[in-house]
Asks: 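Let me give you the structure first, and then I'll get to my questions.
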Amino acid sequence: MTWIARSRLVSAVSAAGAFGLLESSVRDLRVTSREFRAIRAATDAPFGVNLPVRFLKDDPIEESRIIDWLVEHGVRFVTSSAGDPTRYTRRLHDAGVTVYHSTATLRGAIKAVDAGVDGLIVEGAESAGLRNPDEVHSFALLQAVRERVDVPIIAAGGIVDGRGMAAAFALGAEGIAMGTRFVASHESPVHENYKAALVAATITGTSMLDYPPRARGRGLRTPFAEAAAQGRELTQLSALLTDLYVDGDVENTAGAAGESVGLIHEVKSVEEIVDDTVRTFWKQIDRLASLRG
Ligand SMILES: Cc1cc2nc3c(=O)[nH]c(=O)nc-3n(C[C@H](O)[C@H](O)[C@H](O)COP(=O)(O)O)c2cc1C
C-alpha cells in the first residue's frame with residue numbers, strides 16, 4: 001500500500017502483535033531506509049518489507065540497492081508481489097531471508113512454489129487495489145491453492161475481523177492479511193475523508209476500474225468511478241492518490257478499497273483491530289467446535 005504502509009502504520013501493526021509490512025513501491029532507497037529506521041526506532045517487534053517486482057525492476061540499479069540495503073540491515077522477512085517470484089528468491093534465501101510471494105491466481109501460486117518461495121499470500125478478487133484479470137474470489141481460490149501446495153498460506157481479501165480469519169483458516173490458510181481495514185485506522189496516514197468514505201461505504205460500495213495502459217483495480221464506487229466506467233478519461237493514478245490521501249478529495253478519485261468496506265463500521269486504532277480480530281477468531285473457533293456437541 002504505497003505511501004500508506006509506512007513507519008506509523010507498520011510499527012503500530014507490529015507493536016500490536018500482528019506483522020507489519022513496509023511498502024517499497026516508490027523505488028527510492030532514501031524513503032525505504034528512512035521508513036525502515038523509523039519502524040526500528042518505534043518498536044522492537046518484527047516487521048517485513050514488500051518488494052513489488054513490477055515497480056522495482058524498471059530501475060535495476062535502485063532495485064539492487066534497496067535489496068542489498070535491506071539484507072545488510074537485517075530484514076528477515078520479505079514478500080514479493082506483482083511479478084516474477086524468481087527475481088529475488090535465490091538472492092534473499094542466500095542471505096537467510098524468508099520469502100513469501102503474493103498472488104491472485106492458482107497458476108501464480110504454483111509458479112511461486114516452484115520458484116522456491118517459503119509461503120504465499122493468496123489474494124481473492126474481493127481485495128482492494130490493483131487486480132489480476134484472471135482472479136477468482138477467496139472462497140474457491142483458497143481451497144484450490146490449498147489442494148495444490150504445501151507451503152503456508154496467508155489469505156487476503158474481504159477480511160476485517162476474526163470471523164473472516166476463522167473462515168480463511170477453514171479454507172486452508174494459516175494466516176490472514178488485511179489492507180482496507182488498516183487504511184481505516186487511526187494510525188493510517190491518509191486524509192480523514194478517505195477513512196470516512198470507507199466507513200460509509202456499503203457492501204456494494206466498490207467497483208473495478210481500468211487504469212490505462214494495463215492496470216485494473218478495485219476502489220470506492222464514487223461519482224468519479226461511475227463517470228470513468230462510462231468512458232470518461234482517468235487522470236494519472238499517482239495524481240489521484242495524492243489528491244485523495246493528502247487532500248481528501250473522495251468524489252473526484254476512486255481510492256483503493258476492497259469489498260470488505262461493507263464490514264467496516266468505524267475507524268479504530270490498530271491495537272483495537274488486532275485485539276478484536278484475535279478475540280473474535282477464538283470465539284468463532286469455539287462456536288464451530290461446539291457444533292460437535
Ligand atoms: C489503499 C490500498 C492500496 C493498495 N495498493 C496496492 C498496490 O499498489 N499493489 C497491490 O498489489 N496491492 C495493493 N493493495 C492490496 C493489498 O495489498 C491487499 O492485498 C488487499 O488490501 C487485501 O484485501 P482487503 O483490502 O479486503 O483487506 C492495496 C490495498 C489498499 C487498501
Side-chain angles (χ1 to χ4, degrees), residues 1-6 9-10 13 18-27 48-56 79-83 85 100-105 108 120-133 135 137-139 141-142 153-161 163-165 167-168 173 175-185 188-191 193-195 197-199 201 203 205-206 208-209 211 214-220 222 237-238 240-246 248 250 253-264 267 270 273-274 277:
M1 299 195 297
T2 310
W3 196 81
I4 301 174
R6 293 209 178 155
L9 183 56
V10 174
V13 169
F19 193 82
L21 274 181
L22 170 64
E23 63 94 3
S24 65
S25 20
V26 281
R27 205 175 56 210
V49 180
N50 172 242
L51 300 172
V53 181
R54 190 196 303 161
F55 296 100
L56 297 179
T79 62
S80 54
S81 62
Y100 276 40
H101 186 71
S102 199
T103 180
T105 65
L120 296 168
I121 299 178
V122 174
E123 294 184 346
E126 305 92 331
S127 300
L130 298 181
R131 311 270 25 104
N132 184 300
E135 67 195 353
H137 282 77
S138 297
F139 209 98
L141 182 63
L142 286 169
I153 293 173
I154 310 291
I159 304 168
V160 300
D161 59 21
R163 191 188 289 134
M165 181 171 167
I176 56 150
M178 299 193 279
T180 309
R181 177 60 275 191
F182 284 123
V183 179
S185 69
S188 158
V190 301
H191 197 284
N193 290 355
Y194 185 12
K195 299 181 194 179
L198 294 174
V199 170
I203 195 81
T206 68
M208 296 294 291
L209 271 190
Y211 291 95
R214 57 192 169 128
R216 189 164 162 69
R218 181 179 296 285
L220 285 171
T222 59
L237 188 55
S238 54
L240 294 176
L241 299 185
T242 314
D243 292 349
L244 177 62
Y245 294 180
V246 178
V250 171
T253 56
E259 291 176 352
S260 57
V261 277
L263 305 168
I264 296 172
V267 176
V270 163
I273 293 168
V274 174
T277 299

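Quick caveat: nothing in here was measured; it's all calculated off a predicted structure. Order of listing sets the numbers, starting from 1, for every ligand and every atom in it.
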Asks: On a heavy-atom basis, which atom in Leu220 and which in Ala201 lie closest, and how many Å separate them?
Replies: CD2-CB, 4.0 Å
Asks: For residues Arg163 and Leu263, determine if any side-chain heavy atom of one lies less than 4.5 Å from a side-chain heavy atom of the other.
Replies: no
Asks: Report, in ascending order of atom number, the atoms of ligand 1 lying under 4.0 Å from any heavy atom of Met178.
Replies: 27 (O)
Asks: As an exercise, state the distance from CZ of Arg218 to OG1 of Thr180, rounded to the nearest 0.5 Å.
Replies: 9.5 Å
Asks: Is any heavy atom of the protein nearer than 4.0 Å to atom 6 (C) of ligand 1?
Replies: no
Asks: Kindly give the heavy-atom pair with the smallest separation between His191 and Leu244, and that separation in Å.
Replies: CB-O, 3.5 Å
Asks: Check whether any heavy atom of Arg181 sits under 4.0 Å from an atom of ligand 1.
Replies: no
Asks: Quick check against the 3.5 Å criterion: does Ser260 have a side-chain atom that pairs as donor or acceptor with the backbone of Val160?
Replies: no
Asks: Within the 4.0 Å heavy-atom shell around Ser127, which atoms of ligand 1 are there?
Replies: 20 (C), 22 (C), 23 (O)
Asks: Below 4.0 Å from ligand 1: does a non-hydrogen atom of Gly157 turn up there or not?
Replies: yes
Asks: Could you check atom 21 (O) of ligand 1 against the protein and tell me its nearest heavy-atom contact, residue, atom and distance included?
Replies: Gly179 CA, 3.3 Å
Asks: Looking only at heavy atoms, is any part of Val160 under 4.0 Å from ligand 1, and if so is it the side chain, the backbone, or both, or is it neither?
Replies: neither
Asks: After noting the C-alpha distance and the side-chain angles of Met1 and Glu23, does the key distance pass the side-chain contact (heavy atoms from CB on, under 4.5 Å) rule?
Replies: CA-CA 6 Å; Met1 299 195 297; Glu23 63 94 3; 5.7 Å; no
Asks: Quick one: CG on Leu51 to CG on Leu21, what's the gap to the nearest 0.5 Å?
Replies: 10.0 Å
Asks: Of the non-hydrogen atoms in Ile159 and Ala168, which two are nearest, and what is the gap between them?
Replies: CD1-CB, 4.0 Å
Asks: Check whether any protein heavy atom sits under 4.0 Å from atom 9 (N) of ligand 1.
Replies: no
Asks: Go through ligand 1 atom by atom and flag the ones less than 4.0 Å from a non-hydrogen atom of Ile4.
Replies: 1 (C)
Asks: Nearest to atom 25 (O) of ligand 1, what protein heavy atom do you find, and at what distance?
Replies: Thr180 OG1, 2.5 Å
Asks: Taking side chain to side chain donor-acceptor pair (under 3.5 Å) as the definition, give me every residue that meets it alongside Ser185, ordered by chain and number, with sequence neighbours left out.
Replies: none
Asks: Taking heavy atoms and a distance under 4.0 Å, where does Val183 meet ligand 1: side chain, backbone, both or neither?
Replies: side chain
Asks: Give a yes/no on ligand 1: does Trp3 have at least one heavy atom closer than 4.0 angstrom to it?
Replies: no
Asks: Search all heavy atoms of Ala197 against all heavy atoms of Val250 and return the closest pair with its distance.
Replies: CB-CG1, 3.7 Å
Asks: If you have a sec, work out which protein heavy atom is nearest atom 14 (N) of ligand 1 and how many Å separate them, to one decimal?
Replies: Ala128 O, 3.6 Å
Asks: With the threshold set strictly below 4.0 angstrom, can you tell me whether any protein non-hydrogen atom sits that near atom 3 (C) of ligand 1?
Replies: yes
Asks: Indicate yes or no: does an N/O atom of Ser260 lie under 3.5 Å from an N/O atom of ligand 1?
Replies: yes
Asks: Show me which atoms of ligand 1 lie under 4.0 Å from any heavy atom of Ala256.
Replies: 1 (C), 2 (C), 3 (C), 30 (C)
Asks: Students should be able to answer this: which protein heavy-atom is nearest to atom 28 (C) of ligand 1, and at what distance?
Replies: Met1 CG, 3.7 Å
Asks: Looking at OG1 of Thr222 and CG of Leu209, how far apart are the two atoms once the value is rounded to the nearest 0.5 Å?
Replies: 7.5 Å
Asks: Mind checking whether Glu126 has an N or O less than 3.5 Å away from an N or O of ligand 1?
Replies: no
Asks: Nearest 0.5 Å please: distance from the CH2 atom of Trp3 over to the OG1 atom of Thr242.
Replies: 8.5 Å
Asks: Who's the nearest protein heavy-atom neighbour of atom 11 (O) of ligand 1, and how far?
Replies: Leu130 O, 4.5 Å
Asks: Write out the residue and atom name of the closest protein heavy atom to atom 18 (C) of ligand 1, then the distance separating them to 0.1 Å.
Replies: Glu123 OE2, 4.0 Å
Asks: Report yes or no: do Thr2 and Ser25 form a side-chain donor-acceptor pair below 3.5 Å?
Replies: yes
Asks: My understanding is that we take every heavy atom of each candidate and find the minimum distance to atom 13 (C) of ligand 1. Doing that for Gly129, Gly258, Gly255, which one comes out nearest?
Replies: Gly129
Asks: Does an N or O anywhere in Ala257 fall below 3.5 Å from an N or O of ligand 1?
Replies: no
Asks: With a cut-off of 4.0 Å, which atoms of ligand 1 are near a heavy atom of Tyr245?
Replies: 1 (C)
Asks: So is Tyr194 touching ligand 1 or not, going by heavy atoms under 4.0 Å?
Replies: yes
Asks: Counting C-beta onward and ignoring hydrogens, is there a side-chain heavy-atom pair between Ile4 and Pro189 closer than 4.5 Å?
Replies: yes
Asks: What is the distance from atom OG1 of Thr79 to atom CG of Asn50, rounded to the nearest 0.5 Å?
Replies: 3.5 Å
Asks: Consider ligand 1: state whether an atom of it lies below 4.0 angstrom from any non-hydrogen atom of Gly158.
Replies: yes
